[in-house]
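Just the heavy atoms: all of them, side chains too, but no hydrogens, waters or symmetry mates, feed the values below.
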Amino acid sequence: MSRRTELSLLRGAPLEVAPRLLGAVLRLGDVAVRLTEVEAYDGGNDPGSHAYRGETRRTRSMFGPSGHLYCYFTYGMHVCANVVCRDEGAAGAVLLRAGEVIDGIGTARGRRPKSNDRDLARGPARLCRTLGISLDDDGADLGEGPITLTFDDEVDTVSTGPRVGLRHAPDWPWRFWISDDPTVSLYRPAAPQRRRG
DNA sequence: GTTGCGATGCGCT
DNA sequence: GCGCATCGCAACA
């Protein structure tokens, strides 16, 4: 299998970059995950993007240079990671939704003791927990530092569909996954939140 | 296999 | 305060 580490492949429109990430391998420490599902977010044009309403402290790294991570904290307990793909000043990113653990399976199981192997990185927050990605990794440079991304030249069959869990613009077919891969997360349409009492 | 709901804390208005 | 690019568990089909 031929591999390369060209971070220039991460530069461009989110819709171009997203399918390139499928099959790529994200590594932190001894755990490596082969990406099987991603989702594109295009800053200013995209009501579903955190960057739609402009730069804030949280979204700062999404407006930074491409080839870096944008990590955010949500639902009081989860961390999700994006790869920034627009250049400085614009905001575009690809959310890493799911993957398959291909190395460091022992460490991964230790981080998620109740998951079976298929579910270790099945979902954006699970993927971060399994890899050990935290908010401290927001803005991390994929070109140098502990987190690396290795591209895969093998072409898989790719499927597309609507995005998951969004309250705004959920129907745009900006989600990409490797067809028939068992580690792709289950699709659930955005549901209105219930007020807690 | 599905559907429903509570947990939980930070950013934004 | 309110809402959230979620998850895990329980209950049910």
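Remark: P of dC4(C) and OH of Y41(A) are 13 Å apart, rounded to the nearest angstrom. The nearest whole Å value for the distance from the CD atom in E39(A) to the C1' atom in dT6(C) is 12 Å. Atom pair D138(A):CG and dG11(B):C1' shows a separation of 13 Å (rounding to whole Å applied). Nucleotide dC10(B) holds its P atom 16 Å from the NE2 atom of H50(A), rounded to whole Å. To the nearest angstrom, C1' of dT6(C) lies 14 Å from CG of L135(A). In this entry the distance linking CG of L166(A) with C1' of dC4(C) reads 10 Å, nearest Å. Across the protein-nucleic acid pair, R97(A) atom CZ and dC7(C) atom C1' stand 12 Å apart, rounded to whole Å. Rounding to whole angstrom units, CG of residue N82(A) and C1' of dA5(C) are separated by 8 Å.
If you check every strand for non-hydrogen atoms under 4.0 Å, G48(A) touches a base. Contacts of R129(A) with the nucleic acid, taken as non-hydrogen atoms under 4.0 Å apart, are absent. Counting non-hydrogen atoms under 4.0 angstrom, R126(A) reaches the backbone sugars and phosphates but no base.
Residues R34(A) and T183(A) are not in side-chain contact: their nearest non-hydrogen atoms beyond the backbone lie 4.5 Å or more apart.
Annotation: cation-pi geometry not satisfied between R97(A) and F176(A) (NZ/CZ under 6.0 angstrom from ring centroid, within 45° of ring axis).
Checking dT8(B), dT6(C), dC4(C) against the side-chain heavy atoms of M77(A) singles out dT8(B) as nearest.
Contacts of R112(A) classified as side chain to side chain contact (heavy atoms under 4.5 Å, CB included), with partners at least two apart in sequence or in another chain: S115(A), L120(A), R126(A), R129(A), T130(A).
With centres under 5.5 Å and a plane angle under 30° as the test, the ring of Y75(A) is not stacked against the base of dC7(C). You cannot call F73(A) stacked on the base of dG9(B); the centres under 5.5 Å and planes under 30° rule is not satisfied.
Remark on DNA chain C: of its neighbouring residues H168(A) and K114(A), the 5'-side contact belongs to H168(A), judged by nearest-heavy-atom nucleotide.
Between Y41(A) and H50(A), the ring centre distance reaches or exceeds 6.0 Å.
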Under 3.5 Å, sequence neighbours excluded: what are the donor-acceptor pairs made by side chains of residues 12-21 of chain A?
residue : atom : partner : partner atom : Å
R20(A)  : NH1  : L9(A)   : O            : 2.7

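A continuous path of hydrophobic side-chain contacts links L7(A) to L28(A) [ILVMFWY only; heavy atoms under 4.5 Å]. Taking hydrophobic clusters as Ile, Leu, Val, Met, Phe, Trp and Tyr residues chained together by side-chain heavy-atom distances below 4.5 Å, V158(A) shares a cluster with V33(A). Under the 4.5 Å side-chain heavy-atom criterion for Ile, Leu, Val, Met, Phe, Trp and Tyr, I133(A) and L10(A) are members of the same hydrophobic cluster.
Between R53(A) and the phosphate of dT13(B), there is no side-chain N or O to OP1/OP2 separation shorter than 4.0 Å. Applying the 4.0 Å criterion to OP1 and OP2 of dC7(C), one finds that H78(A) has every side-chain N and O outside that range. Contact between the side-chain N/O atoms of R112(A) and the OP1/OP2 oxygens of dC7(C) is not found at any separation under 4.0 Å.
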Taking only Watson-Crick and G-U wobble pairs with both distances under 3.5 Å, what dot-bracket line describes DNA chain B, where [ ] shows pairs that cross earlier ones and | shows pairs with another strand?
|||||||.||||.

